[in-house]
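Structure, as structure tokens:
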Amino acid sequence: HTIEIHDEGNDGYIRIYDNEKENYILTFSTDEKLIKLESTGNIELYAKNDIIINTKHKISDSAGHDISLAAHDMKRDADNDITEHAGRHRSSAIDVNDELAIGENQFINIGDNKDEQIAHKLQVSAENIRIEADEKLLEYSTVHQQKASGSMNINAANEIDIAASNVKVN
């Protein structure tokens with residue numbers, strides 16, 4: 001192992017490395033205000049309690065393959081924005097409940113199709129609900145009921161076709 005100490009000129013640093021193989025390099029640079037740890041293998045950190053990373057600017061992670069995080073609980077906070085991008089596929093699995101709270105507006109843009117499958121109940125509540133379809137709006141069910149506590153209007157530009165073995169109007 002080799003320890004180099006350079007303290008002359010504008011390039012002062014301390015470097016510790018494996019002299020023959022250079023499997024690892026640890027550099028302390030006072031002029032660059034940098035601590036750099038390099039390894040041709042793994043870098044592992046273990047702590048009995050906490051590992052704390054604090055910076056006044058940004059933290060940047062990158063990997064040639066996968067990044068994996070595991071925790072008992074996980075929390076992400078941002079004062080402004082959170083942006084995610086997946087080049088091909090994004091998958092989320094939640095074992096029990098999923099909650100989404102949005103202070104103002106939510107906009108969803110889907111380039112092609114959306115298919116939602118719900119095992120039991122779908123409930124949508126709002127002051128006003130508007131559904132639009134450029135071509136067709138199809139609703140299928142074994143029992144279909146629409147109820148208005150005030151009034152209900154059904155309007156068609158051309159015709160309304162009602163087909164049933166028994167039609168009842170009260």
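- Note that CD1 of I35 is 5.5 Å distant from CZ of F28, once rounded to the nearest 0.5 Å.
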Q.
One pair to check against side-chain contact (heavy atoms from CB on, under 4.5 Å): E84 and R90. What are the steps and the verdict?
A. CA-CA 10 Å; E84 292 180 319; R90 177 179 167 234; 4.1 Å; yes
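- Taking CD1 from I52 and CG from N54, the interatomic distance works out to 8.5 Å, rounded to the nearest 0.5 Å.
- Using a 4.5 Å heavy-atom cutoff, the side chains of L137 and I131 are in contact.
- A side-chain donor-acceptor contact under 3.5 Å links K121 and Q123.
- In the hydrophobic cluster analysis, where Ile, Leu, Val, Met, Phe, Trp and Tyr join through side-chain heavy atoms closer than 4.5 angstrom, L69 is grouped apart from I53.
- Cluster annotation: L37 and L34 are assigned to distinct hydrophobic clusters (Ile/Leu/Val/Met/Phe/Trp/Tyr, side-chain heavy-atom contacts under 4.5 Å, transitive).
- Atoms NZ and CG, from K33 and D31 in turn, are 9.5 Å apart once rounded to the nearest 0.5 Å.
- Hydrophobic clustering (ILVMFWY, side-chain heavy atoms < 4.5 Å, transitive): V124 and I118 are in one cluster.
- Transitive grouping of hydrophobic side chains (ILVMFWY, heavy atoms separated by less than 4.5 Å) keeps I43 and I51 in distinct clusters.
- Comment: K75 engages D77 in a salt bridge, judged by a side-chain N to carboxylate O separation of less than 4.0 angstrom.
- Put simply, I3 and Y24 are part of the same group of oily side chains (I, L, V, M, F, W, Y) that touch within less than 4.5 Å, one to the next.
- Using modelled atom types, one finds no donor on one side chain facing an acceptor on the other under 3.5 Å when comparing E38 with Y17.
- Taking CG from L26 and OG from S39, the interatomic distance works out to 11.0 Å, rounded to the nearest 0.5 Å.
- Minimum heavy-atom separation, D66 to A63: O-CB, 3.8 Å.
- Residues E139 and Q146 form a side-chain contact, since some pair of their non-hydrogen atoms from C-beta on lies under 4.5 Å apart.
- D7 places no side-chain N or O within 3.5 Å of a backbone atom of G12 that could act as its donor or acceptor partner.
- Contact detail for I94 and D98: the closest heavy-atom pair is CD1-CG, 3.5 Å.
- Proximity of R76 to I82: side-chain heavy atoms (C-beta onward) are separated by under 4.5 Å at one or more points.
- Side-chain contact between I16 and T2 is absent, with no heavy atoms from C-beta onward closer than 4.5 Å.
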